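Inspection log for the structure reproduced underneath, given as structure tokens.
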2 protein chains.
Amino acid sequence: MGLAKTEIFSDQQNAIASFSKAFGHPARVAILQHLFKLDTCVCGDLVSEIGLAQPTISQHLKELKLLGLIKGNVEGTSVCYCINIEKWQEMKEILNSFLNQDLTSQGDCC
Amino acid sequence: MGLAKTEIFSDQQNAIASFSKAFGHPARVAILQHLFKLDTCVCGDLVSEIGLAQPTISQHLKELKLLGLIKGNVEGTSVCYCINIEKWQEMKEILNSFLNQDLTSQGDCC
DNA sequence: ACTATTAATCGTAATATTGCAATATACAAA
DNA sequence: TTTGTATATTGCAATATTACGATTAATAGT
């Protein structure tokens, strides 16, 4: 079917999955790393930076924007993107609650 | 095409994407949370715990096992799964290097 | 107005993912 | 050896994702 049965999972589980899915493609990872590295609005050089066609990058940016992880601003003929730091923090807290789970017993039962 | 051009990205970017992809489905999140909660080998109750059919759960388990995040042991007629804590730590370090990036300038240029 | 530049959208092809019914496999108990 | 129980595999249908060429939209400069 190709569509996840989100209704049988908690909001938290679905949120973890949504953010993780966004990071589930190396192009989106690369885009976000580039935005962090430049540490300012990035206008236009994403296509040349990542090695994918312009419509493909645009599509990946759209997904990240939809999730709220990045913000875009029209600046003349180009569009400037940057990290939405508030949303990034929010995402980090949600993901960390999942990643930082601990095994009280030092496991290794298998 | 539906297939990511992994060859144009770094190993680190691809690793981040692979682990994130694994967490990109709420069923796999739920499975991992359950394994952490029980804190021991889980034999068999995953199908009743999560609300999906047995072949579907089996498939999700297979993916997590392939990545090394869980270990499975045959125990009589059933199979016991638990978190592979070493791999989990390794994954956490890789993901944290991505999640904990900082903007030196407090951004908000957009 | 015309042209160039940049980014979004549309359309489409190739492939991946999700989910499950049916079946197979593996083992334990009777 | 048969029967039951638990899990894996196969096959398939529905949908999603990835990628890009072609086109459109929007603006800047001439």
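Not measured: the values here are computed from a predicted model.
- Atom-to-atom, CG of B:L52 to C1' of C:dC20 comes out at 10 Å; the value is rounded to the nearest Å.
- Between A:Q54 atom CD and C:dT9 atom C1' the separation is 10 Å, expressed in whole Å.
- As judged by a 4.0 angstrom heavy-atom cut-off over every strand, A:E63 is placed among residues touching the sugar-phosphate backbone only.
- Connection of A:V42 to A:V74 is established within a shared hydrophobic cluster, with ILVMFWY side chains joined at heavy-atom distances below 4.5 Å, either directly or through further cluster members.
- Residue B:S58 places at least one side-chain N or O closer than 4.0 Å to OP1 or OP2 of D:dA8.
- Of the candidate nucleotides D:dA28, D:dG4, C:dA21, D:dG4 has the atom nearest to the side chain of B:T77.
- For the pair A:L66 CG and C:dA8 P, the interatomic distance rounds to 13 Å; values are reported in whole Å.
- The cluster map of Ile, Leu, Val, Met, Phe, Trp and Tyr, joined by side-chain heavy atoms under 4.5 Å apart, puts A:V47 and B:I8 in the same cluster.
- Remark: B:Y81 is in phosphate contact with D:dA8, judged by side-chain N or O atoms under 4.0 Å from OP1 or OP2.
- The environment of B:D11 atom CG is sparse: at most 12 non-hydrogen atoms of other residues, nucleotides or ligands sit within 6.0 angstrom.
- The closest side-chain heavy-atom distance from B:V79 to B:N73 is not below 4.5 Å.
- Put simply, CG on B:L64 is 13 Å from P on C:dT17, counting in whole angstrom units.
- Within the 3.5 Å criterion, the main-chain N or O of B:K71 finds no donor-acceptor partner in the side chain of B:N84.
- Residue-level contact check: B:I57 touches neither bases nor backbone, having no heavy atom under 4.0 Å from any strand.
- A close approach under 4.0 Å does occur between a side-chain nitrogen or oxygen of A:T56 and OP1 or OP2 of D:dC20.
- For the atom pair B:L32 CG and B:Y81 OH, the distance stands at 12.5 Å (nearest 0.5 Å).
- Panel note: side chain B:W88, backbone A:Q101; no donor-acceptor pair is recorded below 3.5 Å.
- Applying a 4.0 Å cut-off to non-hydrogen atoms, the residues of residues 4-28 of chain A that approach DNA chain C are A:A4, A:K5, listed by residue number.
- Here D:dG11 is the nucleotide among D:dG11, D:dT7, C:dC27 with the atom lying nearest to any side-chain atom of B:Q59.
- Residue A:H60 places at least one side-chain N or O closer than 4.0 Å to OP1 or OP2 of D:dA19.
- You'll find that the side chain of B:L3 is closest to C:dA16, out of C:dA21, C:dA7, C:dA16.
- Mapping B:L61 and A:P55 onto DNA chain D via the closest heavy atom, the residue that lands nearer the 5' end is B:L61.
- In this entry the distance linking CD1 of A:I50 with P of D:dT18 reads 14 Å, nearest Å.
- A:K65 has its NZ atom 10 Å from the C1' atom of C:dA7, to the nearest Å.
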